[in-house]
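Down below is the structure, laid out as structure tokens.
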Number of protein chains: 2
Amino acid sequence: MSLRYGLLGLLAEGAASGYDLARRFQEVLGSVWPAQHPKIYAELNRLAQEGLIEVESEGPRGRKAYRITEEGLVAVRGWLRDTEVDHTLRMQSLLRSFFFWLMEPDDLRRHLDEEARFFAEAAARYEEYAKAKDRGEFGDSPQTRSMRIAIEAGVRLYRTLAEWAEWAKTVPPNSSTTTHS
Amino acid sequence: MSLRYGLLGLLAEGAASGYDLARRFQEVLGSVWPAQHPKIYAELNRLAQEGLIEVESEGPRGRKAYRITEEGLVAVRGWLRDTEVDHTLRMQSLLRSFFFWLMEPDDLRRHLDEEARFFAEAAARYEEYAKAKDRGEFGDSPQTRSMRIAIEAGVRLYRTLAEWAEWAKTVPPNSSTTTHS
DNA sequence: TCCTCACATGTTCTTAGGTACATGTACTTG
DNA sequence: CAAGTACATGTACCTAAGAACATGTGAGGA
């Protein structure tokens with residue numbers, strides 16, 4: 001269901017083709033909600049059938065730009081206002097952490113190094129985005145303000161995860177009955 | 001694939017039945033990796049067929065306790081050591097935040113209040129868990145140490161999300177061209 | 001003894017998600 | 001003008017996930 005409302009939400013910003021949406025999903029929403037083009041085209045056709053979107057224009061190479069309809073807008077708004085948020089984290093990094101005790105200490109250290117590096121880089125990338133937004137590079141529409149909020153979540157979450165991975169490295173793997181040197 | 005290794009990881013701690021595993025998935029891993037019993041029983045049968053687990057004992061009411069095999073251990077360890085981590089966040093809260101601009105300011109404030117409350121409560125719950133572990137209530141096996149690391153991630157992530165939701169409330173929704181009172 | 005609840009394992013069906021396959025067009029550059 | 005790249009949309013197939021349905025047992029209390 002989330003893909004559906006993701007598409008409607010993006011189309012609420014302005015008309016776009018399946019190709020456009022696929023790229024935006026990969027670039028902007030990719031780390032939050034992955035979606036490949038087959039799924040997107042299929043869902044667009046379904047949405048059009050249900051009247052939540054409609055073809056705005058047809059361009060070269062069979063390009064079809066969709067526009068959101070009134071019903072579509074009502075549907076996204078209803079989703080945002082009235083449906084319960086699914087709060088599951090579904091993070092593989094976390095799932096794996098339950099099983100760290102199965103790893104060789106060396107492998108675990110290497111793993112946590114990589115994790116910390118990845119998360120720190122992601123945090124930095126989002127931070128750059130945030131700064132660019134704050135410099136006014138993306139303008140100041142309500143849409144970009146929402147994007148700014150989402151980016152802030154990315155910055156904070158990835159920073160937190162990087163710090164967590166660093167912290168995890170300091171946890172001794174075996175029993176703490178420290179053999180006094 | 002993650003469910004498969006989640007099950008193997010849990011079975012590496014000791015023999016358990018599908019029923020046991022379903023409960024543990026709900027209680028412990030539920031917020032990180034949801035799995036209902038039909039999926040679990042099916043996957044257990046597949047794992048048994050492939051020789052990664054085997055029936056350890058049969059109990060009352062058709063209960064079948066599974067034990068992980070050597071190959072099974074090798075498989076989880078291989079997954080942990082050699083496969084790339086999928087870092088997608090897949091958080092609906094974040095997806096929704098991209099579309100906050102579609103919400104009425106009042107609805108958005110209410111939404112963020114609820115989000116902040118949920119995340120703060122979750123953080124507190126995990127914190128309690130962490131404290132209990134640190135008091136030694138779960139013993140001090142390698143497994144519980146890994147659990148402690150996972151719990152720490154929960155504490156930090158939920159705290160971060162709660163703070164983010166609070167921060168988001170301070171972002172003005174419309175253009176910042178402040179009409180000087 | 002009967003009833004209820006927790007235990008215990010499954011099948012079936014539908015939807016979601018992902019990979020691979022398939023096709024064709026417009027533009028740009030050598 | 002040939003070749004490559006980016007644009008553009010789809011189908012087919014397979015696996016994952018989730019909801020609903022289905023069945024039966026053992027233990028404990030009323």
Side-chain angles (χ1 to χ4, degrees), chain A residues 1-8 10-11 15-27 29-50 53-66 79 83-84 86-92 95, chain B residues 1-8 10-11 15-27 29-50 53-66 79 83-84 86-92 95:
Chain A
M1 278 293 95
S2 290
L3 171 63
R4 143 159 300 208
Y5 296 109
L7 291 172
L8 284 175
L10 289 179
L11 286 173
S17 69
Y19 191 84
D20 297 335
L21 292 165
R23 266 194 326 181
R24 293 192 60 192
F25 248 93
Q26 198 175 11
E27 288 167 13
L29 299 173
S31 50
V32 166
W33 215 269
Q36 288 74 15
H37 74 265
K39 210 83 237 298
I40 290 172
Y41 287 119
E43 189 65 44
L44 284 174
N45 284 327
R46 220 172 308 154
L47 285 166
Q49 239 172 10
E50 293 173 35
I53 62 175
E54 60 193 11
V55 176
E56 181 223 28
S57 65
E58 307 212 7
R61 279 164 292 201
R63 175 192 169 90
K64 277 183 288 180
Y66 291 95
W79 175 65
T83 66
E84 267 202 37
D86 177 2
H87 283 112
T88 43
L89 292 175
R90 219 178 270 263
M91 286 192 54
Q92 216 193 63
L95 180 66
Chain B
M1 278 293 94
S2 289
L3 170 64
R4 142 159 301 206
Y5 296 109
L7 291 171
L8 284 175
L10 288 179
L11 286 173
S17 69
Y19 192 85
D20 296 336
L21 292 164
R23 266 193 325 180
R24 294 193 59 193
F25 249 93
Q26 198 175 11
E27 286 167 13
L29 298 173
S31 51
V32 165
W33 215 270
Q36 288 75 14
H37 74 266
K39 205 93 233 300
I40 290 172
Y41 287 118
E43 189 65 43
L44 285 173
N45 284 327
R46 220 174 306 155
L47 285 166
Q49 239 171 11
E50 293 174 34
I53 61 175
E54 60 193 9
V55 175
E56 182 223 28
S57 64
E58 308 211 6
R61 280 165 290 202
R63 175 192 168 90
K64 277 182 289 180
Y66 290 95
W79 176 67
T83 66
E84 267 202 38
D86 177 2
H87 283 113
T88 42
L89 292 175
R90 220 178 270 263
M91 285 191 56
Q92 217 194 61
L95 180 66

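Remember, predicted model here, so these are calculated numbers, not experimental data. Per chain, numbering begins at 1; letters A, B, ... match sequence-line order.
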Ion pair A:Glu54/A:Lys64, N-O distance below 4.0 Å: no
Pair A:Arg24 + A:Glu27: basic N to acidic O under 4.0 Å: no
Pairwise distance [atom1]([X]) to [atom2]([Y]) - rounded to 0.5 angstrom:
| X | Y | atom1 | atom2 | result |
| --- | --- | --- | --- | --- |
| B:Leu7 | B:Phe25 | CG | CZ | 5.0 Å |
| A:Leu89 | A:Met91 | CG | CE | 7.5 Å |
| B:Leu10 | B:Tyr5 | CG | OH | 15.0 Å |
| B:Leu11 | B:Glu56 | CG | CD | 10.0 Å |
| A:Ile40 | A:Asn45 | CD1 | CG | 12.0 Å |
| B:Ile53 | B:Leu8 | CD1 | CG | 7.0 Å |

Criterion salt bridge (charged side-chain N to carboxylate O under 4.0 Å, His left out) on A:Asp86 and B:Arg90, from CA distance to verdict: CA-CA 10 Å; A:Asp86 177 2; B:Arg90 220 178 270 263; over 6 Å; no
Find the distance [X]:[atom1] to [N]:[atom2] and express it as a whole number of Å.
| X | N | atom1 | atom2 | result |
| --- | --- | --- | --- | --- |
| B:Asn45 | C:dT9 | CG | C1' | 9 Å |
| B:Leu21 | C:dG10 | CG | P | 13 Å |
| B:Glu58 | D:dT25 | CD | P | 16 Å |
| B:Leu44 | C:dA8 | CG | C1' | 12 Å |

B:Gln26, CD: over 12 other non-hydrogen atoms inside 6.0 angstrom: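 Incorrect, the count does not exceed 12.
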Sort me out a list of protein N/O and nucleotides 3-5 of chain D N/O pairs below 3.5 Å, or just none if empty.
none

Contact pattern, 5' to 3', of nucleotides 15-28 of chain C - B, S or - by protein heavy atom under 4.0 Å: -SBSBB----BB--
Heavy-atom closest contact (A:Gln92 atom, B:Trp33 atom, distance):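 Taking A:Gln92 first and B:Trp33 second, the nearest heavy atoms are N-CZ3, 3.9 Å.
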Paired and unpaired positions of DNA chain D as dot-bracket, Watson-Crick or G-U wobble under 3.5 Å, | denoting a partner strand: ||||||||||||||||||||||||||||||
Contact under 4.0 Å: B:Tyr41 side-chain N or O vs C:dT9 OP1/OP2: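 Answer is yes, contact under 4.0 Å.
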